[in-house]
**Q** 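Before anything else, here's the structure in question.
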Amino acid sequence: MSTTTITAAVVRQEKGRFNIEELELDAIRPNEVRVRMVATGVCHTDAIVRDGVYPVPLPAVFGHEGAGIVEAVGSNVRTVRSGDHVVLSAAYCTHCAECRAGREAYCENLFAQDFGGRREDGTTSLTDRAGNLISSHFFGQSSFATYANVVESSLVPVDRSVPLEKIAFLGCGMQTGAGSILNELRPPAGSSIAVSGSGAVGLAAVMAARVAGCTKIVAIDLHDSRLALAEELGATHTINARTSNAAEELLRITGGRGVDYIFDTTAIPDVLVSLAGALAIRGTLALVGAAAPGTYAPFEIGASLVKGWTFKTIIQGSSVPQVFIPRLVELWQQGRFPVDKLVKNYALADINMAFDDSASGATVKPVIVF
Ligand SMILES: NC(=O)c1ccc[n+]([C@@H]2O[C@H](COP(=O)([O-])OP(=O)(O)OC[C@H]3O[C@@H](n4cnc5c(N)ncnc54)[C@H](O)[C@@H]3O)[C@@H](O)[C@H]2O)c1
Ligand SMILES: [Zn+2]
Ligand SMILES: [Zn+2]
């Protein structure tokens, strides 16, 4: 398939706005498919790269929770055909030791695959009207665009009967929140969990904790509206960290024992250090929130030694997207993963508003519908 003109949201400067521009998309490579984007979620990680916390070469097209319809298929692609509906997730190299072991979320080549702004062969698929190179292949896709050349490892074929705009955004934040609970932490039925930060990722974790059978699910946030939503989705208790001390509240809720699992999406060192004090014996504190390189959390390691506690970081909910996303779709079909409650739709032209609404707390999960 030849080059084509597309419309995309381009970031040209660190902390800059998204500009809607016409770009040239080049021909697909043998390991890629051309996807006509139907919808894409907006994730906090898009804001982080826009702001230069992780260095993706600018100008760039971001977007990494796309979904669409396959229009053309590269000669080496085996897993999808033209016309298939696909949800897009993080790319992985498929050939490193972690990928070979089924731990694709921890691919040794993760940064090059997802944040490099280039294909493995060093090219980008996008150029602007003046002929300048624009970074592409963000998470293998760069989905803030009407069309994209997507690498095969990012593709998750899904049931055609499910409206794509309803499940478009399962590929990152939802997979991370739900997968962290269902794939990585695996809390036993009857156990307790606290979710620190009830944004898109945290609320996905709340829904998954209910699926897993946790009997105490404590949502923590700064916005009462998000805490109310958390209750609707399965939280048994809520804490507004603006007005109460979350660690003290967790100890009170658990009768002094502490919580078995704490899942943090805020990546704020003071929050992590304080919450660690509310862990139960043998408890686990898991971090998924992204902080700038060089951020440290100084945990208490004296008195807490006897607790035998664990701190771990989790990427993409330790999911294999092609296995886990179809499971999330089934849970959604059964009403057990009601992501619709988090979503507000925006046009591509309103993408800056979508980011502003996410940052202010007005919208949990902005979704761009093309
Ligand atoms: N590890 C991964 O694979 C992965 C994947 C996706 C997203 N992320 C990261 O996860 C984080 C969360 O993403 P999101 O899309 O849910 O973001 P979000 O902005 O929707 O949610 C963050 C929430 O934390 C709350 N919060 C802020 N400070 C707080 C505090 N002191 N105490 C309690 N709550 C507080 C905010 O009010 C907000 O509701 C981001 O850092 C994102 O980059 C990581
Ligand atoms: Zn790999
Ligand atoms: Zn993301």
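Everything numeric in this text was worked out from a predicted model, so none of it was measured. Numbering of ligands and ligand atoms starts at 1, following listing order. Any value given below was found using the heavy atoms of this structure, including those in side chains, with hydrogens, waters and symmetry copies removed.
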**Q** Counting from 1, what ligand 1 atoms have a heavy atom of I314 closer than 4.0 Å?
**A** 1 (N), 2 (C)
**Q** Would S135 and R118 count as having a side-chain donor-acceptor pair, cut-off 3.5 Å?
**A** yes
**Q** Write out the residue and atom name of the closest protein heavy atom to atom 3 (O) of ligand 1, then the distance separating them to 0.1 Å.
**A** Q316 N, 2.8 Å
**Q** Quick one: look up the protein heavy atom nearest atom 16 (O) of ligand 1 and list residue, atom name and how far away it is.
**A** V201 N, 2.9 Å
**Q** I'd like to know if E71 pairs up with R34 as an ion pair, taking the criterion as any Lys NZ or Arg NE/NH1/NH2 lying under 4.0 Å from an Asp or Glu carboxylate oxygen.
**A** no
**Q** Of the protein's non-hydrogen atoms, which lies at the shortest distance from atom 37 (O) of ligand 1, and what is that distance?
**A** D221 OD1, 2.7 Å
**Q** Where the Zn ion (ligand 2) is the corner point, what angle links SG of C93 with SG of C96, to 10°?
**A** 110°
**Q** Can you check whether L279's main-chain N or O pairs, donor with acceptor, with K307's side chain at less than 3.5 Å?
**A** yes
**Q** Tell me whether the rings of F299 and F311 are parallel (<30°), tilted (30 to 60°) or perpendicular (>60°).
**A** tilted
**Q** Could you list the atoms of ligand 1 found under 4.0 angstrom from a heavy atom of V271?
**A** 31 (N)
**Q** Who's the nearest protein heavy-atom neighbour of atom 40 (C) of ligand 1, and how far?
**A** H44 CD2, 3.4 Å
**Q** Of the listed options (C43, G199, S360), which comes nearest to atom 18 (P) of ligand 1 when hydrogens are ignored and any heavy atom counts?
**A** G199
**Q** Can you establish whether the number of heavy atoms outside Q13 located under 6.0 Å from its atom CD is more than 12?
**A** no
**Q** Considering heavy atoms of the protein only, find what lies nearest to atom 44 (C) of ligand 1 and give residue, atom and distance to 0.1 Å.
**A** V288 O, 3.0 Å
**Q** Side chain, backbone, both or neither: which part of S358 comes within less than 4.0 Å of ligand 1 when only heavy atoms are counted?
**A** neither
**Q** Quick one: does S196 get within less than 4.0 Å of ligand 1, heavy atoms only?
**A** no
**Q** Which bit of T266 gets closer than 4.0 Å to ligand 1, counting heavy atoms only: side chain, backbone, both or neither?
**A** side chain
**Q** Return the closest protein heavy atom for atom 6 (C) of ligand 1 as residue, atom name and distance.
**A** C172 SG, 3.4 Å
**Q** Got a sec: is C43 within less than 2.8 Å of the Zn ion (ligand 3) via an N/O/S atom?
**A** yes
**Q** Side chain, backbone, both or neither: which part of I268 comes within less than 4.0 Å of ligand 1 when only heavy atoms are counted?
**A** side chain
**Q** Among G171, A359, A290, which residue places a heavy atom closest to atom 41 (O) of ligand 1?
**A** A290
**Q** What is the closest protein heavy atom to atom 24 (O) of ligand 1, and at what distance does it sit?
**A** G197 CA, 3.4 Å
**Q** When you measure from atom 30 (C) of ligand 1 to every protein heavy atom, which one gives the shortest distance, and what is it?
**A** L222 CD2, 3.8 Å
**Q** Have a look at E65 and tell me which of S143, C172, S89 forms a side chain to side chain contact (heavy atoms under 4.5 Å, CB included) with it.
**A** C172
